[in-house]
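Note that the structure is predicted; figures quoted are calculated from it, not measured. First listed ligand is number 1; within each ligand, the first listed atom is number 1.
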Amino acid sequence: MDKLIITGGNRLDGEIRISGAKNSALPILAATLLADGPVTICNLPHLHDITTMIELFGRMGVQPVVDERLNVEVDPRSISSLVAPYELVKTMRASILVLGPMVAHFGYAEVALPGGCAIGTRPVDLHIRGLEAMGAQIEVEAGYIKARAPEGGLRGGHIFFDTVTVTGTENILMAATLAKGRTVIENAAREPEVVDLAHCLIAMGANIKGHGTDTIVVEGVERLGAARHSVMPDRIETGTYLVAAAATRGRVKLKDTDESILEAVLLKLEEAGAQIDTGKNWISLDMKGNRPKAINLRTAPYPAFPTDMQAQFVAMNAVAEGTGTVIETVFENRFMHCQEMNRMGAQILVEGNTSIITGVERLKGAPVMATDLRASASLVIAGLVAEGDTLVDRIYHIDRGYECIEEKLQSLGAIIRRVPA
Ligand code: EPU
């Protein structure tokens, strides 16, 4: 297993480009299964999760074609299997996103039930109930969700989510585009990635209103067709580099990103003492050499503070001036990084869904273990502000969600290298 070795102490300083959003690219790739023609996706990030989705398509008989500009064209008409097998689903929970499109377009789908994961139990009951409300017959058998559309296809339905779910909203939104009649999704996720997916579906011919609000209304259409869509910038990658710069008292300019989808994060960085400037497609942060101030935050669905940025802010608080409280409300077990940071000399107390972080002047490099994608990113940030070498193990998590992380950090002046297993 590859490891990253980071020699801390350098302030980040420089300019990098932000990649396409993983959590937008995955549902958009799944959405191509709804089309009756080729759909071209641009600005796909080069990430392990994207490769896994492409591999899953290959198993189903759909071979995406990559052109010379790295755009990917998917034509689902060659589909020969409606099964998403466990060995792929267990490596990537987002495989569940093929469920809605397959039942809606092909009338049947068999998707392995994803298990629990390092951040919580993460059930998919709301995806299943939503499809049932559209007439699907669903059985969970031998670890697989087996879903069959009724005679004549899915029908529009009224779906109320009692918990805001991002991929749940995306699955039902995709299924509804080809269902007969109107579907209303209430308490829908408002995440920008849901909006990006809706834009792609609309380009394919779908009739969707209300995306970006908590009530999405979809009028089903007969068919969806060929389209071309460019994936939005990754707001979590953007936020991660901003926090890394803030923690190291540095400055960065991030290009090909969008400040309007990062409001809660930028507000917290300003509270920490950062000067933030924005322009068309770029964001810059400057700490003017100052130590960040500890901040308090509480995660919640968009537009509130994202759970996917929580670990990175814990890392910044670990070296900040003062004490900060971080409350995690989305996932029940997302503080694994805290114990690892304490091994580096951080002072973090975890009580249930709250962590109280008292900033120290400097962390000390140590071998640490990444437990999930965002926890890994936070340990890299901790390594950047630690004295000496930090060895981050199990970095396959990072490769699932951060394109070329060591090259990008190196170009900002960090000392970081990958050690192959
Ligand atoms: N939930 C249920 N039942 C369901 C679905 C969700 O109880 O059927 C609960 C979950 O257990 C959780 C809450 O609802 O407590 C919210 O989970 P959600 O369904 O929104 O999460 P997700 O769709 O599985 C996506 C992202 C995650 C991100 C969350 C929250 C993708 C592919 N994944 O997951 O991203 O943390 O939304 O914003 O979009 C990451 O990129 O590192 C990552 C984990």
Which residue supplies the protein heavy atom nearest to [atom], what is that atom called, and how far is it?
| atom | result |
| --- | --- |
| atom 19 (O) of ligand 1 | Thr165 OG1, 2.7 Å |
| atom 21 (O) of ligand 1 | Phe331 CZ, 3.8 Å |
| atom 16 (C) of ligand 1 | Val164 O, 3.6 Å |
| atom 33 (N) of ligand 1 | Asn23 ND2, 3.7 Å |
| atom 22 (P) of ligand 1 | Thr167 OG1, 3.5 Å |
| atom 8 (O) of ligand 1 | Leu126 N, 2.7 Å |
| atom 34 (O) of ligand 1 | Arg122 NH2, 3.2 Å |
| atom 36 (O) of ligand 1 | Asp308 OD1, 2.6 Å |

Can you confirm whether the side chains of Lys408 and Thr240 place a donor and an acceptor under 3.5 Å from each other?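 No, no side-chain donor-acceptor contact under 3.5 Å.
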
Assess the side chains of Asp36 and His105: does a donor N or O sit below 3.5 Å from an acceptor N or O?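 The criterion, which ignores hydrogens and geometry beyond distance, is satisfied for His105 and Asp36.
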
Non-hydrogen side-chain atoms of Ile216 and Val194 separated by less than 4.5 Å: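 Yes - at least one pair of side-chain heavy atoms lies under 4.5 Å apart.
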
I'd like to check Ile416 versus Ile405 (side-chain heavy atoms, cut-off strictly below 4.5 Å). Are they in contact?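 Contact flag for Ile416/Ile405 side chains = no.
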
Hey, is the main chain of [Y] close enough, under 3.5 Å, to the side chain of [X] for a donor-acceptor pair?
| X | Y | answer |
| --- | --- | --- |
| Glu332 | Glu328 | no |
| Glu340 | Met369 | yes |
| Thr354 | Val350 | no |

Relative to [atom], which among [options] owns the nearest non-hydrogen atom?
| atom | options | value |
| --- | --- | --- |
| atom 3 (N) of ligand 1 | Asp125, Asn171, Thr299 | Asp125 |
| atom 4 (C) of ligand 1 | Pro123, Ala300, Ser95 | Pro123 |
| atom 42 (O) of ligand 1 | Arg374, Glu170, Arg400 | Arg374 |
| atom 44 (C) of ligand 1 | Glu191, Arg334, Glu193 | Arg334 |

Straight-line distance of Arg223 CZ to Met204 CE, nearest 0.5 Å: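 Going from the CZ atom of Arg223 to the CE atom of Met204 covers 10.0 Å.
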
Distance from Leu266 atom CG to Ile283 atom CD1, nearest 0.5 Å?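 One finds 5.0 Å between CG of Leu266 and CD1 of Ile283.
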
Should Tyr241 and Ile18 be marked as a side-chain contact (heavy atoms from CB on, under 4.5 Å) after you check the CA-CA gap, both sets of side-chain angles, and the distance that decides it? CA-CA 9 Å; Tyr241 285 106; Ile18 293 301; 4.2 Å; yes

Heavy-atom contacts with His127 under 4.0 Å: which atoms of ligand 1 show up? List them by number with element.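 Near His127, meaning under 4.0 Å from one of its heavy atoms, ligand 1 has 8 (O).
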
Residue Thr307 vicinity, atoms of ligand 1 by number, heavy atom under 4.0 Å: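 Once the distances to Thr307 are compared, the set is 30 (C), 36 (O), 38 (O).
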
Between [X] and ligand 1, is there a nitrogen or oxygen pair with a distance under 3.5 Å?
| X | value |
| --- | --- |
| Lys22 | yes |
| Val166 | yes |
| Leu97 | no |

Taking 4.0 Å as the limit for heavy-atom contacts, which would you say applies to Val330 with ligand 1: side chain only, backbone only, both, or neither?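 It is both backbone and side chain that touch ligand 1.
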
Let's go through Glu271 and Lys268 carefully: what are the C-alpha distance in whole Å and the side-chain angles of both, what is the deciding distance for salt bridge (Lys or Arg N to Asp or Glu O under 4.0 Å) to 0.1 Å, and is it a yes or a no? CA-CA 5 Å; Glu271 247 178 79; Lys268 289 292 165 192; 3.3 Å; yes

